[in-house]
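In what follows, a structure is listed as structure tokens, so that the remarks can point back to it.
Just so it is clear, the model here is predicted, and its values are computed rather than measured. As a basis for the values below, the full set of heavy atoms in this structure was taken, side chains included, without hydrogen atoms, waters or symmetry mates. In listed order, ligands and their atoms are each counted from 1.
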Amino acid sequence: MPPIITIALSKGRIYDDTLPLLAQAGLAPALDPERSRKLIVPTNREDVRVVIVRATDVPTYVQFGGADLGVAGKDVLDEHGGDGLYQPVDLDIARCRMVVAARADFDYAQAVAERRRLRAATKFERIAREHFARKGLHVDMIKLYGSMELAPLTGLADVIVDLVDTGNTLKANNLVAVEEISQVSARLIVNPAALRLKRETLRPLIDQLALAAQRAREARLAAAALPAGGDRG
Ligand code: PRT
Ligand code: MG
């Protein structure tokens, strides 16, 4: 009997974007976690199961061996610190950008030029602190757990540090991205001890997921290179 492999995923975009990669590695969850309350999801392979955890808890599960593998955004990994995690593959999924955003009428460039003391609201405290420290800015950090966009509108903060994908959320709240901190995508993370102990099962799975991600990336880049409409015919 091969060892059981546990993969930690979060519901929503991480799960949705990981599913096609799992499929290419021959793995199919036996139920849809969006429609079930089960937190342990069996797969078509007897020796592989998926556990459903909060996005920010994925690194913790993998670090302490509650899961052998996981998929987590670079934002989550940067906040976690990455201790005790092997990060072999950028899966290039759940892509977005980490930005500084402010009200459209707030002159961020001016505030930076004057080295004004700023108030920043974010749930990404570590990322924000390191970013402003690199710029040599004094920033008072206000930790929030959600709805960051509200902070500049209510006077709680001058700026926010948040993830942006389409930009629709910022636009709907009259905010603009004033600085890009980083490009974000989700990474495969692995428990190093599990990799040693279960290498014969884990290594091929990691390689298959890496190959699937590579193929998806190439397909995306090829599609982006096509003229608008996507049809050369
Ligand atoms: O939602 P929950 O509090 O349970 O946890 P979570 O927010 O950590 O998880 P989830 O599932 O929302 O996000 C998981 C991962 O997806 C994140 O860690 C990112 O790496 C990645 N990702 C990709 C995003 C986005 N795109 C994204 N757009 N995570 C969040 N957003 C949010 C953003 O914070 C903002 O509120 O979507 C809003 C902006 O979207 P646009 O399209 O309007 O710009
Ligand atoms: Mg969310």
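- Within the 4.0 Å heavy-atom cutoff, G167 counts among the residues contacting ligand 1.
- Note on ligand 1: K123 sits in its first shell, one or more heavy atoms being nearer than 4.0 Å.
- Annotation: E46, atom CD; neighbour count of heavy atoms from other residues, nucleotides and ligands within 6.0 Å does not exceed 12.
- With a 6.0 Å radius and a threshold of 12 heavy atoms from other residues, nucleotides or ligands, K135 has its NZ atom above the threshold.
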*Applying side-chain contact (heavy atoms from CB on, under 4.5 Å), run through I206 and L195 and close with a yes or a no.*
CA-CA 10 Å; I206 293 167; L195 186 56; 3.8 Å; yes
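- Expressed to the nearest 0.5 Å, how far CG of L69 lies from OG1 of T6 amounts to 9.0 Å.
- Those atoms of ligand 1 that come under 4.0 Å of a heavy atom in N168, given as number and element, are 43 (O), 44 (O).
- At distances below 3.5 Å, at least one donor-acceptor pair connects side-chain atoms of E79 with backbone N or O atoms of R126.
- Remark: Y61 OH is loosely packed, at most 12 non-hydrogen atoms of other residues, nucleotides or ligands lying under 6.0 Å away.
- Atom numbering of ligand 1 starts at 1 in the shown order; those under 4.0 Å from a heavy atom of R54 are 2 (P), 3 (O), 4 (O).
- For atom 40 (O) of ligand 1, the choice among T169, V184, V76 with the nearest heavy atom turns out to be T169.
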*Test R220 against D92 for salt bridge (Lys or Arg N to Asp or Glu O under 4.0 Å), laying out the working first.*
CA-CA 10 Å; R220 178 170 61 76; D92 202 31; 2.4 Å; yes
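- Under a 4.0 Å heavy-atom criterion, E149 is in contact with ligand 1.
- Between L77, D165, L9, it is D165 that holds the heavy atom closest to atom 28 (N) of ligand 1.
- The closest donor-acceptor contact from the side chain of K198 to the backbone of I4 lies under 3.5 Å.
- For S10, no nitrogen or oxygen atom sits less than 3.5 Å from a nitrogen or oxygen atom of ligand 1, counting backbone and side chain alike.
- Within the 4.0 Å heavy-atom criterion, the part of D162 lying near ligand 1 is the side chain and not the backbone.
- The nearest non-hydrogen atom to atom 17 (C) of ligand 1, considering only D75, D16, V99, comes from D75.
- Residue A94 places a heavy atom under 4.0 Å from ligand 1.
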*For the pair S185 and R95, evaluate side-chain hydrogen bond (donor to acceptor under 3.5 Å, both in side chains) and give the outcome as yes or no after the intermediate values.*
CA-CA 4 Å; S185 56; R95 295 160 63 239; over 6 Å; no
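- The shell of residues lying under 4.0 angstrom from ligand 1, judged by heavy atoms, includes K11.
- Both the backbone and the side chain of V164 come within contact range of ligand 1, each with a heavy atom under 4.0 Å.
- A distance-only check finds a donor-acceptor pair linking the side chain of D32 to the backbone of E34 [under 3.5 Å].
- Taking any N or O of T166, backbone or side chain, at least one lies under 3.5 Å from an N or O belonging to ligand 1.
- Listed by number with element, the atoms of ligand 1 under 4.0 angstrom from any heavy atom of G73 are 20 (O).
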